Structures are given as C-alpha cells and as structure tokens.
2 protein chains.
Amino acid sequence: MKNLDTNTENKILESAKKVFIEKGYDGARMQEIADLAGINKALLHYYYRSKDKLFKNVFEQTLQSFFPIIAEIILSNKPLLERIKLFIDKYIDILIENPIIPLFIANEVAKNPLIIKDMLIPDIDNLFSGLNDMIDDEVSKGNIKKVDIKQLILNIISLCIFPFISQSIAKMIFNYSDEEYKELMLSRKNEIYSLILAWLKP
Amino acid sequence: MKNLDTNTENKILESAKKVFIEKGYDGARMQEIADLAGINKALLHYYYRSKDKLFKNVFEQTLQSFFPIIAEIILSNKPLLERIKLFIDKYIDILIENPIIPLFIANEVAKNPLIIKDMLIPDIDNLFSGLNDMIDDEVSKGNIKKVDIKQLILNIISLCIFPFISQSIAKMIFNYSDEEYKELMLSRKNEIYSLILAWLKP
DNA sequence: GTCTATAACTCGATAGAC
DNA sequence: GTCTATCGAGTTATAGAC
C-alpha cells in the first residue's frame, strides 16, 4: 500500500532523523540531510517547506516511536512489580539500540518546552491515579511499603535513562569501550530492579 | 588585586556563560553575548579571539565550578554511608541552584567528547580503587552487601541529576510549578538516600 | 519530481578610526 | 580598550529549467 514511503519522502525523513538527533536542531544542516538522502537541498523544501517543519516531523515521529512501547507495558494488567521488571528490561533494550535519543529529546524540549505540549499522553492524570491505586492495593496486601508515585517514576526513569545521557562522559571515566559499556548497561537491568525492589520492601 | 576582573573581561565571561549554557554552542550568538554584556561584538573578539575560544573558557570554568565541591566530599575521610548522604544533599542543593548545567555539559560532551579529555580528575583510577577498598571494608564489617562501584556511582548520580535534565518534561507531566518541582527535588534528598541504603543492606 | 543557480540573510571575524 | 563599518563565508529558501 504505502510502498511509496520507500521513496524520496521517507528517505528524507530517515536522513533528517539521523542528522537532527546527532547534531540537534541548531547544529543540523539541510545540506547534510540532503547529502545523506542522496538528493539536493531544493527537494527538502519541496517536501517539507522549511527546516522547522522538517524538524517537527522528525521530533514527533521520534517521540511516537518511543512512547507506545512503554505505554503498552505500563497499561498491561500484570502485577505492579512484574510491570516494573518488564519496563526496566524493555526500556534498557530500547536505549541500547537508541542511546542518543534521550539526550536529543531532553535538549530540544528544554530549549522549547511547548514542542511537546500536544504530544503527551492525553489522559495522564488517569494513568497516575490508576498506578496510585495499584500501589495502595499492594501496600494493603503488605507486599510493598507506601511510596510517592512521582518519586517511583522518577527513580526508575532516572536509573534507566541517565547512564545513556551521560555515556560519553561515563565511558571516559570508567575507561570503557562501547562493548564494555553495553555490557554494563545490560547488567543494570537486574541491578535497577533489585534496587527498586529493596526500596519498596515493606 | 584582581579588581579588574569586575571589568569588561569578566562581564563578557559571565554573559557568555549565561548564553552558552542556555542555548548551547550552536544556538548561542556572539551578538547576544555582547548585548548582555553591554558591549559590542568587536570587543568579544578583542578579549577572546574566537567564539570557540570563548566557549572553551566558559565550559572549563563551568566544569571547574562543579567538580571541586563534589571531590571534597568524596575525598573526605568520613564513613562510606555518611559520605553518600553528604554527597546527595550537597549535590541536590547545587543542582537546584544550577538546574540547567548538567544538560549543557552532557550535550556538549556528547557532541565533542574530546573537550573534556584534559579536564577530568587526574588520578581517577586511584579514586575508584580507594572507594572500592572502602566498600570491601564495610562489607567485611557486615555493614553493607558487596556491590559494583561503577553501578553504585551510576545509581547515585543518575538519581540526583536526571530529574534536573528532564525537568521541563517532568514539570509538564506532573503538572507542577517551578516551586512545586523544587519541593519535589528537596524531598528527593531523603528518598534517594533511603533507596541507596535499602539496596546496600546486607 | 528533481535539478541548477542564485537570492536573501545571518553570523563570526576583521579593519581602522578614536 | 572601545567603537562603527564592513567583509566574506555559510545557510535557508526560492526561481525557473527540464
């Protein structure tokens, strides 16, 4: 059906994604995107009127390739601790495949917070209160101690993402190769889970 | 003695710091720095030959205003757990005062890892082996369980820094004002410590 | 749709007067 | 030391031929 997506338009988007994510909006050059796509600058403007519009496309698509996978796990009907375990495992895997995307997103949102305004999960308040109910439920069963949902989320996300954001520094400090750092990240799956688990123990 | 530091040269550096940290190297404009310093572009080049050299000055000074405070705590001769507690408290305080610096550093280092090459702590290997000995010591005393020093460092740093890197997103998701977010960060001091403590329990 | 050529503009850097 | 004026390279965006 959408076989035409393999054509110029999609090739541009893929190239733009690569360049924007690597260099950021300010550092990216339309010429470089054109070169990578094997076309010339004029065509970029033919398909996406401006650098700004091309960027917004890239940003939105990047974000949307991340959230659904996460949402699926969060919204599954597994027990809380199992969901947390699944989330950590899956998230680390995604980050190993896309190590520089978190920095890209953090950076662009910091420079222009409004860019994300319309892209967030619509009923996020429901999501939070749902998770809160789950926590209360587990607490009443004596499975975990009571914690603030916001701190729980911040803790898990921080432990998963930050080592990727800081990886260029961390690799230098630890004197690690790419492969060694990847191994360290893989071993974090269990470390992070045991950390959260220990904290949640009643 | 260096009363002249209050003069143009220092005013330039302060303005440059502000603009570079906020916009990043690529997004920063010499014109904006000049305007903020109340001078004109030509004078920037008179004091710091190029944008690049001005940036390197800013970056180095920013980094050096961060590391010594941290190093002081890490190298103090307090017991391990006390050092960790002090580190978290002090670090969160610094980050509340300078919330956007971590993103700035992560970003610029990611784009050019070599920039940090000469600025790292010289005998970092000694630092690690020293900390490792401390861990082993506490383990043998039965105070904590054995953990990997790299994971410990990553965990603590992640928990402290990431909420600031992601603060523009987090404030939106949590629907928090600046003040509310600051309160959340302050309350994290104890949360992070109890998290690490629970993990380290033998 | 795709290209070449170029307009229009931004920005870092310099020349030269004071 | 500080300023005004301007150069020249690089960048986004468009015009117009094919």
Side-chain angles (χ1 to χ4, degrees), chain A residues 1-62 104 107-108 110-112 114-115, chain B residues 1-62 104 107-108 110-112 114-115:
Chain A
M1 250 182 205
K2 282 205 170 177
N3 218 335
L4 294 175
D5 271 15
T6 328
N7 266 358
T8 311
E9 190 165 352
N10 201 252
K11 218 159 53 187
I12 290 175
L13 207 60
E14 285 308 306
S15 305
K17 215 165 166 176
K18 194 148 185 296
V19 174
F20 275 130
I21 289 174
E22 199 174 308
K23 308 265 173 95
Y25 179 86
D26 293 322
R29 295 288 167 257
M30 295 296 265
Q31 184 64 61
E32 192 178 350
I33 295 172
D35 290 348
L36 196 63
I39 55 162
N40 62 14
K41 275 189 299 178
L43 260 192
L44 292 183
H45 289 91
Y46 175 81
Y47 282 101
Y48 305 85
R49 283 180 46 79
S50 65
K51 181 182 180 181
D52 213 67
K53 286 193 172 59
L54 178 54
F55 177 79
K56 286 217 170 69
N57 264 277
V58 166
F59 188 82
E60 195 161 348
Q61 194 179 304
T62 302
F104 166 69
N107 211 33
E108 300 300 335
K111 266 192 294 195
N112 175 20
L114 296 178
I115 196 176
Chain B
M1 250 185 209
K2 284 207 172 177
N3 219 335
L4 295 175
D5 271 15
T6 328
N7 267 358
T8 311
E9 190 166 350
N10 202 252
K11 218 161 53 188
I12 290 175
L13 207 59
E14 285 309 305
S15 306
K17 215 165 164 173
K18 195 150 183 297
V19 175
F20 275 130
I21 288 174
E22 199 174 307
K23 308 265 173 93
Y25 180 86
D26 292 323
R29 295 289 166 259
M30 296 295 267
Q31 184 65 62
E32 192 178 351
I33 296 171
D35 290 348
L36 195 63
I39 54 162
N40 63 12
K41 271 192 301 178
L43 217 44
L44 292 183
H45 288 92
Y46 175 79
Y47 282 100
Y48 304 85
R49 285 180 45 80
S50 65
K51 182 182 181 183
D52 213 66
K53 286 193 172 58
L54 178 55
F55 177 79
K56 286 217 169 73
N57 264 277
V58 166
F59 188 82
E60 194 160 350
Q61 194 178 303
T62 303
F104 166 69
N107 211 34
E108 300 300 334
K111 266 193 293 196
N112 175 21
L114 296 178
I115 197 176

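Computed from a prediction, not measured in an experiment: that's the story for all the values here. Residue numbers begin at 1 in each chain, while the letters A, B, ... track the order of the sequences.
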Measure the distance from [atom1] on [X] to [atom2] on [N] and round it to the nearest whole Å.
X     : N      : atom1 : atom2 : result
B:L43 : D:dC3  : CG    : P     : 6 Å
B:E32 : C:dT10 : CD    : C1'   : 14 Å
B:L44 : D:dC3  : CG    : C1'   : 13 Å
A:K11 : C:dG1  : NZ    : P     : 14 Å

*asked:* Base contacts versus sugar-phosphate-only contacts with protein, heavy atoms under 4.0 Å: please encode nucleotides 11-18 of chain C as B, S and - from 5' to 3'.
replied: SBBBB---
Side-chain donor-acceptor pairs under 3.5 Å in residues 19-26 of chain B, sequence neighbours left out?
from  : atom 1 : to     : atom 2 : distance (Å)
B:K23 : NZ     : B:E32  : OE1    : 2.9
B:K23 : NZ     : B:E32  : OE2    : 3.0
B:Y25 : OH     : B:D52  : OD1    : 3.3
B:D26 : OD2    : B:K111 : NZ     : 2.9

_Whether B:N40 contacts D:dC3 is assessed here as follows: a side-chain N or O lying under 4.0 Å from the phosphate OP1 or OP2. Is that the case?_
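B:N40 to D:dC3 OP1/OP2: side-chain N or O found under 4.0 Å.
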*So, is A:T8 close to the C:dG1 phosphate, meaning a side-chain N or O under 4.0 Å from OP1 or OP2?*
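No, A:T8 has no side-chain N/O under 4.0 Å of OP1/OP2 on C:dG1.
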So which atom in [X] and which in [Y] form the shortest heavy-atom distance, rounded to 0.1 Å?
X     : Y     : answer
B:A16 : B:V58 : CB-CG2, 3.6 Å
B:I33 : B:I12 : CG2-O, 4.2 Å
B:M30 : B:L44 : O-CD1, 3.2 Å

*With sequence neighbours left out, write down each residue that passes side chain to side chain donor-acceptor pair (under 3.5 Å) with B:E60, or none if nothing qualifies.*
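Side chain to side chain donor-acceptor pair (under 3.5 Å) list for B:E60, sorted by chain: empty.
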*Short side-chain donor-acceptor distance under 3.5 Å, A:Q31 and A:D35*: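 The criterion, which ignores hydrogens and geometry beyond distance, is satisfied for A:Q31 and A:D35.
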